[in-house]
There are 2 protein chains.
Amino acid sequence: MRLVIAQCQVDYSGRLTAHLPWAKRLIIVKADNSVSVHADDRAYKPLNWMSPPCTLRVREPVTDEAAAVAGIDPRIDQVWEVDSAGGDHLQILLGQPDLDVTEDLGVDPGLQKDGVEAHLQELLAENPQAFGPGWTVVQREYMTPIGPVDLLCRDAEGCYVAVEVKRRGEINGVEQLTRYLDLMNRDHLLGDEVHGVFAAQQIKPQARVLAETRGIGCVTVDYDALRGMDHPEDRLF
Amino acid sequence: MRLVIAQCQVDYSGRLTAHLPWAKRLIIVKADNSVSVHADDRAYKPLNWMSPPCTLRVREPVTDEAAAVAGIDPRIDQVWEVDSAGGDHLQILLGQPDLDVTEDLGVDPGLQKDGVEAHLQELLAENPQAFGPGWTVVQREYMTPIGPVDLLCRDAEGCYVAVEVKRRGEINGVEQLTRYLDLMNRDHLLGDEVHGVFAAQQIKPQARVLAETRGIGCVTVDYDALRGMDHPEDRLF
DNA sequence: GTGTCCATTTCGAGG
DNA sequence: CCTCGAAGTGGACAC
């Protein structure tokens, strides 16, 4: 990993074109050749970047005399040309760096996550009573021609119910479930009419309204409580 | 902006929980107090981070003796505690740094962009003949109760057509246009039936199929050609 | 503030 | 390799 802090000007052309005027910024070159140009704000998002795979060519410093002949601004110390296979191009004009260090970081052991949608689906599959008494799970990731239904359940009366699980329930999730229900009921893949339930840790009001107008049930899920039901020994009382 | 390269262990808890085992990484603290932890790959995305606004507390180095008494790993040189208003928490255990520099970058003059969806919409508004001969634009960003239709047009026969403009046409865009059409035709906001056209630089096959089953036309747009039509003087022939 | 939608989204999984 | 859906999405803009 190489870190450079210097005055620079950046021009990108690819999916769009973008320009950064001359100013002092941080430039990161990672081991995967990716380049990112950071200002001192905007959290972790760079102002401009090139994603890997890409190649980086550095045109070396020129003498003042040669620069003058070529019409190059004498402030320019280096020119970086970054190219991707897709035709994207990033050009960075660099002044004298205030920092230029290279460090070998090695391979990272990687990030361990807990609490994403997959875990929520897993917990619900193990605790279908969260939907109501007598509910059972027929299958997780039940395949249809247009994609997998998160959970296929049966309610207390034995009716099939397709459950769409989301961390945050928004309109798109309702649309997605609606497409599954339309298909399953049009083709009578499961005989009787299949109902729908939209399950999420939080459901936006507009999504709830849309679901209800389509006869889809809404269930808000408490992840921590569900984890407690799943492993009662973890609870303190 | 402060750049630190050091062995570290990171734990995040907030919208999810995540853990990074002990390894050498880059840590960036920006002027907005945001913190990001980078490995030497994954383009510009950090492994872990805290978005502003947040506060950073640094617990100073302890002596080996004090560390032993407190049960702290003697490799630990500093402990950073980063907290956001939303209750998110990031803890970074740091070893002896290989790099620790602070640079003042000042305020960035900012990024200039060209070629995003707004420009595509603008070009299409100026060149409705891209949809067919005799087409006219009634209004850009035509407001409905559930959001703005990108372009409201009339075709050669004078029929209203709602046009949804996307850079890349995917299923969500078709759903979005469908909601507008459902509403406009249910409430007869414009008298006769309003048709729909889905216009994008590239349309995914599944989006195209969904659009066609709903009677929505698909138009793929060549941005550069359209720019050429708009400013013929820019063309070389 | 909430809601909606764009993004050079990035990223990962699955066919 | 493409396609699709999730993300600690973030950010801008309208209401």
Side-chain angles (χ1 to χ4, degrees), chain A residues 10-18 34-37 41-52 54 82 84-90 110-111 113-121 141 143 145-148 150 164-168 170-173 175-176 179 200-201 204-207 209, chain B residues 12-18 34 36 41-52 54 82 84 86-90 111 113-121 141 143-150 164-168 170-173 175-177 179-180 200-202 204-207:
Chain A
V10 185
D11 285 278
Y12 167 77
S13 92
R15 279 169 280 190
L16 56 64
T17 61
S34 66
V35 178
S36 41
V37 181
D41 59 0
R42 284 156 226 242
Y44 68 73
K45 187 96 185 276
L47 291 165
N48 226 321
W49 69 92
M50 185 68 82
S51 301
C54 61
V82 192
S84 82
D88 291 19
H89 181 73
L90 189 70
L111 184 66
K113 288 185 182 183
D114 173 46
V116 293
E117 185 191 291
H119 298 118
L120 188 57
Q121 187 193 122
E141 303 286 347
M143 281 305 300
I146 56 170
D150 288 338
E164 178 68 33
V165 179
K166 289 267 182 276
R167 237 169 23 82
R168 298 184 314 182
E170 299 175 19
I171 281 184
N172 281 349
E175 301 282 20
Q176 192 180 340
R179 288 196 296 272
Q201 289 179 266
K204 294 281 182 72
Q206 303 227 358
V209 169
Chain B
Y12 166 77
S13 91
R15 278 169 280 191
L16 55 66
T17 61
S34 66
S36 40
D41 59 1
R42 283 158 221 247
Y44 70 73
K45 188 94 185 278
L47 292 164
N48 226 324
W49 69 93
M50 185 68 82
S51 301
C54 61
V82 192
S84 81
D88 291 21
H89 181 73
L90 190 70
L111 183 67
K113 290 184 183 185
D114 173 45
V116 293
E117 186 191 288
H119 299 117
L120 187 57
Q121 186 193 122
E141 302 287 347
M143 281 305 300
T144 74
I146 55 169
V149 173
D150 287 338
E164 178 67 33
V165 179
K166 287 270 182 277
R167 248 174 8 89
R168 297 185 315 183
E170 299 175 19
I171 280 184
N172 281 351
E175 299 283 18
Q176 190 182 341
L177 177 54
R179 288 197 295 274
Y180 293 140
Q201 289 179 269
Q202 186 195 20
K204 295 283 180 73
Q206 302 225 356

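Comparing C:dT8, D:dG8, D:dT3 against the side chain of B:Val116 picks out C:dT8 as the nearest. Looking at the side chain of B:Arg42, the nearest of the listed nucleotides C:dC11, D:dG8, C:dC5 is C:dC11. Taking the side chain of B:Lys166 as heavy atoms from C-beta on, and the options D:dG8, C:dC5, C:dT10, the nearest nucleotide is C:dC5.
Among the heavy atoms of the strands lying under 4.0 Å from B:Glu164 are primed sugar atoms or P, OP1, OP2 only; no base atom is included. Within the nucleic acid shown, B:Pro148 has no heavy atom closer than 4.0 Å to any nucleic acid atom.
The CZ atom of A:Arg15 lies 12.0 Å from the CD atom of B:Gln201; values are rounded to the nearest 0.5 Å.
When every heavy atom of B:Ser36 is checked against every heavy atom of A:Tyr44, the shortest pair comes out as CB-CB, 4.0 Å. Scanning both residues, A:Lys166 and A:Gly173, for their nearest heavy atoms gives CE-CA, 3.9 Å.
Remark: the separation of the P atoms in D:dG8 and D:dC4 is 22 Å, to the nearest Å. Taking the C1' atom of each, D:dA6 and C:dA7 are spaced 15 Å apart, rounded to whole Å. Between the C1' atoms of D:dA14 and C:dT8, the separation comes to 25 Å (whole Å). D:dA7 and C:dC6 have their C1' atoms separated by 15 Å, with the value rounded to a whole Å.
In terms of phosphate contacts, B:Lys45 brings no side-chain nitrogen or oxygen within less than 4.0 Å of OP1 or OP2 of C:dC11. For D:dT3, neither phosphate oxygen OP1 nor OP2 lies less than 4.0 angstrom from any side-chain nitrogen or oxygen of B:Gln206. Regarding contacts with the backbone of C:dT10, a side-chain N or O of A:Arg15 is found under 4.0 angstrom from either OP1 or OP2. The phosphate of D:dG8 (OP1 or OP2) has a side-chain N or O of A:Lys113 nearer than 4.0 angstrom.
Positionally, the nearest nucleotide of DNA chain C for B:Ala118 lies more toward the 5' end than for the other of B:Tyr44 and B:Ala118. Checking B:Lys204 against B:Asp88, the closest nucleotide of DNA chain D that is more toward the 5' end is the one next to B:Lys204. The residue among B:Leu111 and B:Arg179 whose nearest nucleotide of DNA chain C lies closer to the 5′ end is B:Arg179.
Nucleotide D:dG8 holds its P atom 13 Å from the CE atom of B:Met50, rounded to whole Å. Rounded to an integer number of Å, the gap from CD of B:Gln176 to P of C:dT4 is 11 Å. In this structure, CG of B:Asn172 is placed 11 Å from C1' of D:dC4, rounded to the nearest angstrom. The interatomic distance linking A:Glu170 (CD) with D:dG5 (P) rounds to 15 Å, in whole Å. Rounded to an integer number of Å, the gap from A:Met143 CE to D:dC4 P is 12 Å. Rounding to whole angstrom units, OH of residue B:Tyr12 and P of D:dG8 are separated by 8 Å. Nucleotide D:dG8 holds its P atom 10 Å from the CZ atom of A:Arg168, rounded to whole Å. Going from atom CG of B:Leu177 over to atom C1' of C:dT4 covers 16 Å, rounded to whole Å.
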> Given the rule in the side chain to side chain contact (heavy atoms under 4.5 Å, CB included) test, do B:Asp150 and B:Glu117 qualify, once you have shown the distances and angles that lead to the verdict?
Replying inline: CA-CA 10 Å; B:Asp150 287 338; B:Glu117 186 191 288; 4.2 Å; yes

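Residues that satisfy the side chain to side chain donor-acceptor pair (under 3.5 Å) test with A:Gln121, not counting sequence neighbours, are A:Arg140, A:Glu141.
The shortest side-chain heavy-atom distance between B:Lys204 and B:Ile171 does not fall under the 4.5 Å cut-off.
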